[in-house]
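Structure incoming, see below.
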Amino acid sequence: MSSGSWKSDGMLIAPCSVKTLAEIGAGYAEDLISRSADVCIKERRPLDLGVRETPLSAIHLENMLALARLAVVSFPAVPAFYTRPRALDDIVDHSAVRMMDYFGIELDGFMPGEGKREGFQK
C-alpha cells in the first residue's frame, strides 16, 4: 500500500483524525496510513477522508482546502435526517454507504440518497 507499484482503486480513511489530515496535507508520510494516502495523491488515485472531529478550526479547514485542491475528498460523517432514519444504525449506514458509493461500491437494497429499502441486509 505504501508503494506506487501496489495497485489499488483508491483509499478511504474512516475515521480520519485531524492529525492524520494534517500529516497527509503536509506530505509527512511517517506511518502506513499517511504514506499510503501520499501514494494515492501522487498516483492520482481517489482518496476519501472521513474526518471525525468537530467543530472544525480554520487550520482544519485550510488543510481540507489544500487537499481538495489535490482532488482529495473530505467526507465528515454528518447525520442525514432527510432520509428519516428510524434508528442510529440507519444514520451510520447512510454515511458509510455514501462513502462507499464514492468508490463505485453499491450495496443491494440501499440507495445513498434515499435510505434503506425493505429487505436490506448488512
Side-chain angles (χ1 to χ4, degrees):
M1 293 179 65
S2 60
S3 168
S5 61
W6 191 81
K7 301 296 181 195
S8 74
D9 293 329
M11 183 176 181
L12 166 64
I13 302 173
C16 180
S17 69
V18 292
K19 176 185 178 285
T20 300
L21 171 77
E23 288 174 353
I24 294 166
Y28 186 66
E30 183 181 58
D31 57 24
L32 183 58
I33 291 175
S34 56
R35 172 62 186 153
S36 299
D38 187 62
V39 167
C40 283
I41 293 169
K42 79 179 186 73
E43 298 292 332
R44 301 188 193 285
R45 296 178 184 148
L47 177 58
D48 186 352
L49 307 178
V51 181
R52 70 176 186 202
E53 269 91 7
T54 58
L56 297 168
S57 74
I59 295 169
H60 306 146
L61 294 170
E62 287 174 5
N63 287 335
M64 286 181 185
L65 178 59
L67 287 169
R69 289 183 172 134
L70 299 173
V72 174
V73 174
S74 292
F75 198 120
V78 295
F81 295 107
Y82 63 88
T83 61
R84 298 188 180 163
R86 296 181 197 156
L88 184 58
D89 278 353
D90 294 338
I91 296 169
V92 172
D93 288 349
H94 183 265
S95 288
V97 169
R98 289 200 58 215
M99 288 179 194
M100 289 186 295
D101 186 55
Y102 173 72
F103 290 97
I105 300 169
E106 296 178 14
L107 294 176
D108 291 336
F110 198 102
M111 296 295 295
E114 298 174 9
K116 214 177 277 186
R117 291 187 197 154
E118 291 300 315
F120 172 74
Q121 298 295 318
K122 289 185 188 178

Drop me the distance from Leu12's CG to Met100's CE, to the nearest 0.5 angstrom.
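Leu12 CG to Met100 CE: 9.0 Å, rounded to 0.5 Å.
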About how many Å separate CG of Leu21 and OG of Ser74, when rounded to the nearest 0.5 Å?
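Between Ser74 OG and Leu21 CG, I get 6.0 Å after rounding to 0.5 Å.
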Kindly compute the distance separating NZ (Lys19) from CD1 (Ile24), expressed to the nearest 0.5 Å.
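Here the rounded value is 10.5 Å.
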According to a hydrophobic-cluster definition based on side-chain heavy atoms being under 4.5 Å apart (Ile, Leu, Val, Met, Phe, Trp, Tyr only), do Ile13 and Leu61 belong together?
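Yes, because Ile13 and Leu61 connect within a single hydrophobic cluster, where side-chain heavy atoms sit under 4.5 Å apart.
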Pairs of donor and acceptor atoms involving the side chains of residues 37-49, under 3.5 Å and at least two apart or interchain, shall be tabulated with distances.
from  : atom 1 : to    : atom 2 : distance (Å)
Asp38 : OD2    : Arg35 : NH1    : 3.0
Arg45 : NH1    : Trp6  : O      : 3.1
Arg45 : NH2    : Gly4  : O      : 3.1

Say whether Phe103 and Val72 are linked into one hydrophobic cluster, either directly or through other cluster members, by side-chain heavy-atom distances under 4.5 angstrom.
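Shared cluster, no.
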Would a distance-only check, ignoring hydrogens and angles, find a side-chain to backbone donor-acceptor pair under 3.5 Å from Asp90 to Ala87?
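Yes; at least one donor-acceptor contact below 3.5 Å.
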Report yes or no: do Val97 and Met11 belong to one cluster of Ile/Leu/Val/Met/Phe/Trp/Tyr joined by side chain heavy-atom distances under 4.5 Å?
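Different clusters: Val97 never reaches Met11 through Ile, Leu, Val, Met, Phe, Trp or Tyr contacts under 4.5 Å.
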ILVMFWY network linking Ile105 to Tyr102, side-chain heavy atoms under 4.5 angstrom
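Yes.
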Do the side chain of Asp101 and the main chain of Gly104 share a donor and acceptor less than 3.5 angstrom apart?
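No.
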Side chain to side chain contact (heavy atoms under 4.5 Å, CB included) for Asp31 and Glu23? Distances and angles first, verdict last.
CA-CA 10 Å; Asp31 57 24; Glu23 288 174 353; 3.9 Å; yes
Ignoring hydrogens, what is the shortest heavy-atom contact between Ala80 and Pro85? Give both atom names and the distance.
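Scanning both residues, the minimum pair turns out to be O-CD, 3.9 Å.
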Tell me the closest heavy-atom pair linking Pro55 and His60, and the distance in Å.
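Reported closest heavy-atom pair: O-ND1, 4.1 Å.
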What are the two closest non-hydrogen atoms of Ser5 and Ser3, and how far apart are they?
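Where Ser5 meets Ser3 most closely, the heavy atoms are OG-OG, 2.9 Å.
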With a 3.5 Å distance limit and no angle check, can you tell me whether Thr54 reaches the backbone of Leu56 through a side-chain donor-acceptor pair?
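Not at all, since once roles are kept as given, no pair shorter than 3.5 Å links the two residues.
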Please assess Phe81 against His94 for the test ring-ring contact (aromatic ring centres under 6.0 Å, His included), listing each intermediate value before the final yes or no.
CA-CA 10 Å; Phe81 295 107; His94 183 265; over 10 Å; no
Using side chain to side chain contact (heavy atoms under 4.5 Å, CB included) as the criterion, list what pairs up with Glu53, not counting sequence neighbours.
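Residues passing side chain to side chain contact (heavy atoms under 4.5 Å, CB included) with Glu53: Ser17, Val18.
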Can you check whether Cys16's main-chain N or O pairs, donor with acceptor, with Thr20's side chain at less than 3.5 Å?
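Checking the backbone N and O of Cys16 against the side chain of Thr20, no donor-acceptor pair under 3.5 Å is found.
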With sequence neighbours left out, write down each residue that passes side chain to side chain contact (heavy atoms under 4.5 Å, CB included) with Ala77, or none if nothing qualifies.
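Per chain and number, Ala77 pairs via side chain to side chain contact (heavy atoms under 4.5 Å, CB included) with Ser95, Met99.
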